[in-house]
**Student:** 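Dropping the structure in here first, questions after.
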Number of protein chains: 2
Amino acid sequence: MNSSGDSMAQADDESLLRETGASRDTSTSRDTGTLGKLVMLLDLVTHADVPLRFTDILALANQPRGTLHRQLGHLVAEGLLELDAEGRYAPGLRLLDFASRSWARNEFRLIAAPHLASLHRETGETVHLGVLRGSSIIYLDKVEGHQPVRMYSQIGNASPCYCTGVGKAALSVLSPVKLNELLSALHFNRFTPATHVKAESLLAEIGEIATAGHAFDREEHEAGICCVAAPIWSDDRSFIGGVSVTGPAYRLSMELLQEWTIPVQVTARKIMDEMRVRLGPRR
Amino acid sequence: MNSSGDSMAQADDESLLRETGASRDTSTSRDTGTLGKLVMLLDLVTHADVPLRFTDILALANQPRGTLHRQLGHLVAEGLLELDAEGRYAPGLRLLDFASRSWARNEFRLIAAPHLASLHRETGETVHLGVLRGSSIIYLDKVEGHQPVRMYSQIGNASPCYCTGVGKAALSVLSPVKLNELLSALHFNRFTPATHVKAESLLAEIGEIATAGHAFDREEHEAGICCVAAPIWSDDRSFIGGVSVTGPAYRLSMELLQEWTIPVQVTARKIMDEMRVRLGPRR
DNA sequence: TATGATTATTCCATTATTTGGAACTTTATT
DNA sequence: AATAAAGTTCCAAATAATGGAATAATCATA
């Protein structure tokens, strides 16, 4: 489960950016004036694999030189970006302070934590907790497996919804209207040979997932990595997320994944029950 | 070492905010136009202990109703804030995505990680890595217990420089001019009976720290917690941070802390040496 | 180290966005 | 049901952002 396309890590002039599916493509439509443009830049710099020079950003951001220069200057002045001695822009550490507080206080994560721990004890593999934001899954927590496996998942990372277990599980509990909206705006990106690249095939699988109550990821995002996931949602669907058990394909046979659908769904159920009690049944 | 004054966590109407020393007081002077105002709001909401309602923010932000309403609306639209069903504003999860990438790529942290691990093996206590940003220390990494890092446990939190081991160590390698600038703008906050609340006493200790090459925190930030720290800096002082070993006062006698000054300073030295090789000796 | 090429920064009249007071709507309280 | 409190919308005026072009600083190469 990787931040999206480590295979493209060697940057050439045309693809300094990682594509995270459709995480960026909504920012053009919603009108947030000056902020929208600045957040777009923030997105651009934070999603690049390496610090970007002014000209790199100029090519990517589609803004006039003067405008871009001032915008970057403001972001640097606020500590949201950092400009090194070689004139390269990197994400700023101020973002960490904001985010650490966002994470520390997140109620969903706090409620789920003990349940993730016991699911991890039961399976011995890495457990993830994620939440649907737009068309991305943001990972809120993870409990690592005992056996070290090279996996690039990172708490806080946004990953596409259409090729992750948690993502597909989340989609399966969306209302048909919302699901349709989301899918029609989705931009598919092939990460592995198994990645869904068409809405039709994805939609078909989502139907099965909705019936079964669990989703699999068979090396659809990262080669060699697969998982079982179950959705977690509030009554009014204003909140949608999921929990998963992830590991290397050579260790996780289809039979084993199938077996784990039960503990994963039980964990999801427990978290949901506790959310209803703690946050009120309505939402 | 905590996020800053957990002892004040019980919020009354007048102090929904945590004061982190002088982390917020610079935002008024630098001119970043619209962005500056929006970041101030972000700061306000992320540093509150609980989700804030519109009126709470109105009272704290000193902005007209209409203006504030649109600003918050934009922040919510961009996912930097979230507005729950009860009309309360909380930090948005989009911040996590930005920050996780900032953290994952941070070169200082990547270089330091193995050295932190061996310092932890040697001492058996919690090891912290921090960097000076403005008048705050931002914690970039920590090695705790025998488990690998949990990214946001406290990592990313900004703490005051004047009452943390890493902070005081960092101040000790600032140029006199910069130190003076920083101290004169500093707002002291008493966290424990041992906290420095005057520039004079702090300055005196910083002199001793500069000579000794290490700093102690004797329960100055959090009661019952003390540490030894050593500074880490680049040749041109464009980068300043530090490393520390932290633990409960009942376990860490002054003798033990004194003994650990050596491994802590050796660790700092190793990290600096490697930074010179990897990032160039100039800076 | 001189020269041309590339990259970064500054400037300012024009344009677009933000501002803020007030009216209005919704939600809680008595 | 009446009243108060909280939240939302509106729009002319004030302010900040824009973007093209000129200038300055760097880098690569002879």
Side-chain angles (χ1 to χ4, degrees), chain A residues 11-14 16 27-45 48 50-78 80-90 92 236 238 280 282-283, chain B residues 11 13-14 16 27-45 48 50-78 80-90 236 238 280 282-283:
Chain A
D12 58 50
D13 283 2
E14 224 88 51
L16 288 164
S27 56
T28 51
S29 58
R30 69 191 155 211
D31 182 24
T32 53
T34 304
L35 179 64
K37 294 161 201 158
L38 292 169
V39 169
M40 186 265 284
L41 287 179
L42 213 47
D43 217 41
L44 218 142
V45 174
V50 294
L52 300 177
R53 286 170 312 153
F54 181 81
T55 320
D56 298 328
I57 303 176
L58 186 64
L60 293 162
N62 204 36
Q63 298 261 36
R65 305 171 74 75
T67 300
L68 182 65
H69 194 261
R70 183 183 31 74
Q71 289 172 333
L72 291 172
H74 283 177
L75 289 167
V76 169
E78 289 295 341
L80 304 180
L81 291 183
E82 299 195 0
L83 177 58
D84 66 24
E86 288 82 40
R88 296 174 314 184
Y89 292 87
D236 67 359
S238 65
R282 229 113 283 271
R283 48 180 301 265
Chain B
D13 282 2
E14 224 87 53
L16 287 163
S27 56
T28 50
S29 61
R30 70 190 154 211
D31 181 25
T32 54
T34 304
L35 179 63
K37 293 160 200 158
L38 292 168
V39 169
M40 184 265 283
L41 287 178
L42 258 186
D43 218 40
L44 218 143
V45 174
V50 294
L52 300 177
R53 285 169 316 153
F54 182 81
T55 320
D56 298 327
I57 304 176
L58 186 63
L60 293 163
N62 203 37
Q63 299 261 38
R65 307 168 73 76
T67 301
L68 182 65
H69 193 260
R70 183 183 33 76
Q71 288 171 334
L72 291 172
H74 284 177
L75 288 167
V76 169
E78 290 295 340
L80 303 180
L81 291 182
E82 300 195 358
L83 177 59
D84 66 24
E86 288 82 38
R88 295 175 314 183
Y89 291 87
D236 65 0
S238 65
R282 230 114 280 270
R283 50 181 296 266

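We name chains A, B, ... by the order of the sequence lines, and we start the count at 1 in each one.
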**Student:** Counting side-chain heavy atoms from CB outward, which of dT18(D), dT9(C), dA16(D) is closest to Gln71(A)?
**Tutor:**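 From the listed options, dT18(D) comes nearest.
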**Student:** What is the distance from CG of Leu41(A) to C1' of dT18(D), rounded to the nearest Å?
**Tutor:**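 The distance from CG of Leu41(A) to C1' of dT18(D) comes to 14 Å, rounded to the nearest Å.
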**Student:** Atom CZ of Arg53(A) and atom P of dA25(D): how far apart are they, to the nearest Å?
**Tutor:**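 Distance, rounded to whole Å: 20 Å.
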**Student:** Between dT18(D), dT9(D), dT10(C), which nucleotide has the shortest distance from any of its atoms to the side chain of His69(A)?
**Tutor:**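 My answer, after comparing the listed nucleotides, is dT10(C).
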**Student:** Rounded to the nearest Å, what distance is computed from the CG atom of residue Leu58(A) to the P atom of nucleotide dT6(C)?
**Tutor:**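 For the pair Leu58(A) CG and dT6(C) P, the rounded distance is 15 Å.
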**Student:** Rounded to the Å, how far apart are Leu72(B) CG and dG20(C) C1'?
**Tutor:**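 The answer, rounded to whole Å, is 15 Å.
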**Student:** With rounding to the nearest 0.5 Å, note down the distance linking CG in Leu38(A) to CD in Glu78(A).
**Tutor:**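 Between Leu38(A) CG and Glu78(A) CD, I get 10.0 Å after rounding to 0.5 Å.
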**Student:** Taking 4.0 Å as the cut-off, does a side-chain nitrogen or oxygen of Thr34(A) come that near to OP1 or OP2 on dA16(D)?
**Tutor:**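 No, because none of the side-chain N or O atoms of Thr34(A) sits under 4.0 Å from OP1 or OP2 of dA16(D).
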**Student:** With heavy atoms under 4.0 Å as the rule, sort Arg70(A) into base, sugar-phosphate or nothing.
**Tutor:**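 Result for Arg70(A) = base.
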**Student:** Could you tell me the separation between the CE atom of Met40(B) and the CG atom of Asp43(B), rounded to the nearest 0.5 Å?
**Tutor:**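 Interatomic distance, Met40(B) CE to Asp43(B) CG, rounded to 0.5 Å: 9.0 Å.
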**Student:** Looking at Gln63(B), I'd like to know whether one of its side-chain N or O atoms comes within less than 4.0 Å of OP1 or OP2 on dT18(C).
**Tutor:**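 Checking dT18(C) against Gln63(B), no side-chain N or O comes under 4.0 Å of OP1 or OP2.
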**Student:** What is the separation between atom CD on Glu86(A) and atom P on dT7(C), rounded to the nearest whole Å?
**Tutor:**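 The answer, rounded to whole Å, is 16 Å.
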**Student:** Nearest whole Å is fine: how far is dT18(D) C1' from Leu38(A) CG?
**Tutor:**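 It works out to 13 Å between those atoms.
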**Student:** Phosphate oxygens OP1/OP2 of dT7(C): is one of them under 4.0 Å from a side-chain N or O of Thr55(A)?
**Tutor:**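 Checking dT7(C) against Thr55(A), no side-chain N or O comes under 4.0 Å of OP1 or OP2.
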**Student:** Phe54(A) or Lys37(A): which one's nearest nucleotide on DNA chain C is closer to the 5' end?
**Tutor:**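 Looking at the nearest nucleotide for each, Phe54(A) comes out on the 5' side.
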**Student:** Rounded to the nearest 0.5 Å, how far apart are CG of Leu35(A) and NZ of Lys37(B)?
**Tutor:**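 Rounded to the nearest 0.5 Å, the CG-NZ separation comes out at 13.0 Å.
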**Student:** Any donor-acceptor pair under 3.5 Å joining the side chain of Arg65(A) to the base of dA8(C)?
**Tutor:**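 In this structure, the two groups form a donor-acceptor pair.
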**Student:** Tell me the closest heavy-atom pair linking Thr32(A) and Ala77(B), and the distance in Å.
**Tutor:**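 Reported closest heavy-atom pair: CG2-CB, 3.4 Å.
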**Student:** In this structure, how many angstroms lie between the P atom of dA6(D) and the CG atom of Leu68(B), rounded?
**Tutor:**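 About 14 Å, once rounded to whole Å.
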**Student:** Check the distance between dA8(C)'s C1' and Asp56(A)'s CG and give it to me in whole angstrom.
**Tutor:**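 Whole-Å distance recorded here is 13 Å.
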**Student:** As an exercise, state the distance from CG of Leu41(B) to CG of Leu75(B), rounded to the nearest 0.5 Å.
**Tutor:**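 Going from CG on Leu41(B) over to CG on Leu75(B), the span is 6.0 Å.
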**Student:** Please pick, from dT18(D), dT19(C), dT9(C), the nucleotide with the shortest atom-to-atom distance to any side-chain atom of Tyr89(A).
**Tutor:**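 Side chain of Tyr89(A) sits closest to dT9(C).
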